[in-house]
Number of protein chains: 2
Amino acid sequence: MESAIDKHLMCPRLRARRIDDDYTPPFPAWVGRADPAITHYVMAYFGVQGKGQHQLGAVCSGLRRICGMLALDGGPRHHDLAHYVDAEGYDNMVAIAYWDSPEAFLRWQSSEQVNAWWDSDTLGDDGLGYFREVLTPPVERFETLYAMPEGMEGVGVVMGTRSDEIQEHGYWGSMRDRIPLSQTDAMQPEGELKATRTPRRIRVSGHDNLVVIRSGQDWTQTQGQERELYLGQMEPVLRAGMDFLRDDGRQVGCYSNRYMQHLDARGQREEKSFSVSHWRSLSHLERWSESHPTHIEIFGTFMRMVQSLQGELKWKGYHEVSVLRAEDQQFEYINCHPGTGLLSGA
Amino acid sequence: MESAIDKHLMCPRLRARRIDDDYTPPFPAWVGRADPAITHYVMAYFGVQGKGQHQLGAVCSGLRRICGMLALDGGPRHHDLAHYVDAEGYDNMVAIAYWDSPEAFLRWQSSEQVNAWWDSDTLGDDGLGYFREVLTPPVERFETLYAMPEGMEGVGVVMGTRSDEIQEHGYWGSMRDRIPLSQTDAMQPEGELKATRTPRRIRVSGHDNLVVIRSGQDWTQTQGQERELYLGQMEPVLRAGMDFLRDDGRQVGCYSNRYMQHLDARGQREEKSFSVSHWRSLSHLERWSESHPTHIEIFGTFMRMVQSLQGELKWKGYHEVSVLRAEDQQFEYINCHPGTGLLSGA
């Protein structure tokens, strides 16, 4: 067993972990490990938005075009495709792309083809909405967690390797304890979201210590009782919690929540989903997770599922959580409806 | 709103609270407040034990005798009476008595009548078991919590007054944050329970940072839907959790658990109950509360009950938690079965 915080990111603690040194987690979990030479990751969300059957084909074409960009030289080391229908009934297709260097991302972004697409004055003239949300967390400002012994998702795929079993999980507050910066900093939020409008675009600037969590599950390999429990009991409760955050999240400090399903390269749904939500602070995310009735139901139902299956899970779960400086965030929206992403919070 | 830690017990923090300074709890709660001149409280549990219908009368007589002692000059400022049937099927009648000074308690204990009773070589010759468990926490080593706007229980009755609404509650870890010593100390356990046997008595000495929690509920004033929810849904789940701790608690660091019902002065059951449990450390109690399936069910069921009733609760809840030095604990057993109190853990 080892610390979730990688050796080269450890420093003398000004702030204690919540656990005693002899704590043993009730079940195993792992985190992504990266080459110590890497200082930042880039997590870029590219979205296309349209409403109704008549726009769906165009939305899919928009996503394919983005995939074409991602395949260019200098593109991301990994990307996922996903779909969700938002509260206003719009289809949103999203590519989530990961680089292990902001410089590499900027080179790609400023390449002629990408530039000609995103910076074009006519993007959105097709009636669709487009958005780009780019996070650039330094390695001391994010953590990952994998509840499965093999395989990784999201940024972990780019990190490339994984830890041995880690100590800091299985208790409330462990998310914070896994973030290297928590050794010395309370990571309290400062500032507000601010929108800047030009005739065609809205840019939202984030504030210090805004949090983005991507939290996912994969039920591809579940069968029999486990599959029934997940789809019949767990998923509906999870969906109810996600709907709460999407519709009423502001009252608990959640700016935005998208509960999405993975698409494969041909646009077919996979048996994998995840939510991506933006929070005013890590404390707000902690409080909702620990004490809000919607998450208590998620947690309780999950614990019952694990108990029923006596721990023999084929279900996989993971998350990645970043606590961002204002300068680590860029949000830009073209022709999107006002409830999209961080627009409603700005 | 104010801190749970009383002004005269505040000191520069070496260890941060789990919450940000602007945290607002989701519902109100209060703590007991005492005269700053008071440095320690005494929480003394006097028990009588017998098995079966034919001993029940004698057990009741034993409890009445204890009540007689408590009524003597120098007796406690408050006491409760309670009954439970333990895992081995014994009836246990207990008086829990509170003093606000160890010196006052010692004067009472060494008085001629009390001495003649407890130190008698013939105590237990009636075939009953007797035990005395005395805790003497300094004020920086315990906390209280009252979820009801009026009335107090346990040590709070002796403390006499209550705080305004406090900030440190409604999140995991708030129990620790309410204990004044947590400002500077991790309160990790040291040492082991040790039993010392004489022909007639077994004394158990505690270890540093052993934790005792008394956690209670009062459904006297509940009616209609609330009463049905408490008795039909909440109480069975609570009982299952209490049974787990009683029977299998050792695996989670719980030495002993008693789930008791209040008795009035005439020995009639009241609609109030509480559990008293002894833990290896505050961390062990935290981990069970936060993540064990039995407590997740208790917490989830309670949250659903509160939601159903839209917060309009006549149900009352409270607890008191002490983190004790070895020298703050005295446990003594006469003719008790080996599963009694701390005997099984020593």
Side-chain angles (χ1 to χ4, degrees), chain A residues 13-27 169-177 182-190 209 237 244 251-253 280-308 310-311, chain B residues 13-27 169-177 182-190 209 237 244 251-253 280-308 310-311:
Chain A
R13 278 194 174 271
L14 302 178
R15 303 178 63 85
R17 300 189 299 186
R18 266 203 83 210
I19 46 168
D20 291 344
D21 291 344
D22 62 357
Y23 167 76
T24 307
F27 49 89
H169 76 97
Y171 60 94
W172 298 111
S174 59
M175 181 167 65
R176 181 180 291 267
D177 287 349
S182 73
Q183 298 170 101
T184 56
D185 195 309
M187 302 181 287
Q188 296 192 34
E190 266 183 60
N209 294 325
V237 168
F244 167 79
Q251 64 187 251
V252 295
R280 171 135 185 90
S281 74
L282 192 62
S283 296
H284 285 93
L285 172 54
E286 288 174 324
R287 295 295 90 75
W288 177 75
S289 308
E290 295 174 15
S291 61
H292 196 272
T294 54
H295 196 269
I296 298 301
E297 284 295 320
I298 294 171
F299 185 63
T301 305
F302 179 70
M303 296 293 280
R304 278 193 296 273
M305 182 175 95
V306 173
Q307 269 204 305
S308 301
Q310 298 183 306
Chain B
R13 278 194 173 269
L14 302 179
R15 303 178 63 86
R17 300 189 299 185
R18 267 203 81 212
I19 47 168
D20 291 345
D21 291 343
D22 62 357
Y23 167 76
T24 307
F27 49 88
H169 76 98
Y171 61 94
W172 298 111
S174 59
M175 181 167 65
R176 181 181 291 265
D177 288 349
S182 74
Q183 297 171 101
T184 56
D185 195 309
M187 302 181 286
Q188 297 191 34
E190 267 182 60
N209 293 325
V237 167
F244 167 79
Q251 65 187 251
V252 293
R280 170 134 185 91
S281 74
L282 192 62
S283 296
H284 285 92
L285 172 55
E286 288 175 325
R287 295 295 90 76
W288 176 74
S289 308
E290 294 176 13
S291 61
H292 196 273
T294 53
H295 196 269
I296 299 301
E297 284 296 319
I298 294 171
F299 186 63
T301 305
F302 179 70
M303 295 293 280
R304 279 194 295 274
M305 183 174 96
V306 173
Q307 269 204 305
S308 302
Q310 300 183 304

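These figures come from a predicted structure and were not determined experimentally.
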Requested in this report: May I ask you to name which of A:S291, A:G300, A:P293, A:A16 has the most heavy-atom pairs under 4.5 Å with chain B?
Outcome: A:P293

Is [X] in contact with chain A via its backbone, its side chain, both, or neither, using a 4.5 Å heavy-atom distance?
X      : answer
B:R17  : backbone
B:R18  : both
B:E290 : both

Query raised in the report: Hey, which of B:R15, B:R287, B:Q307, B:M303 has the most heavy atom pairs under 4.5 Å with chain A?
Result: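 Between B:R15, B:R287, B:Q307, B:M303, the count favours B:R287.
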
Requested in this report: List the atom of A:D21, the atom of B:Q188, and the distance in Å for their closest heavy-atom pair.
Outcome: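 For A:D21 and B:Q188, the tightest heavy-atom pair comes out as N-OE1, 4.4 Å.
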
Query raised in the report: Can you name the closest pair of heavy atoms from A:A186 and B:D20 and give their distance?
Result: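 Of all heavy-atom pairs spanning A:A186 and B:D20, the closest is O-OD1, 4.5 Å.
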
Query - Residues that B:R304 engages under salt bridge (charged side-chain N to carboxylate O under 4.0 Å, His left out), provided they are two or more places apart - result: A:E297

Query - Side chain to side chain, B:D22 and A:S283, heavy atoms closer than 4.5 Å - result: no

Query raised in the report: Does B:H295 have any side-chain contact (heavy atoms from CB on, under 4.5 Å) partners at least two apart in sequence or in another chain, and if so, which?
Result: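 By the side-chain contact (heavy atoms from CB on, under 4.5 Å) rule, B:H295 matches B:W172, B:W288, B:S289, B:I298, B:F299.
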
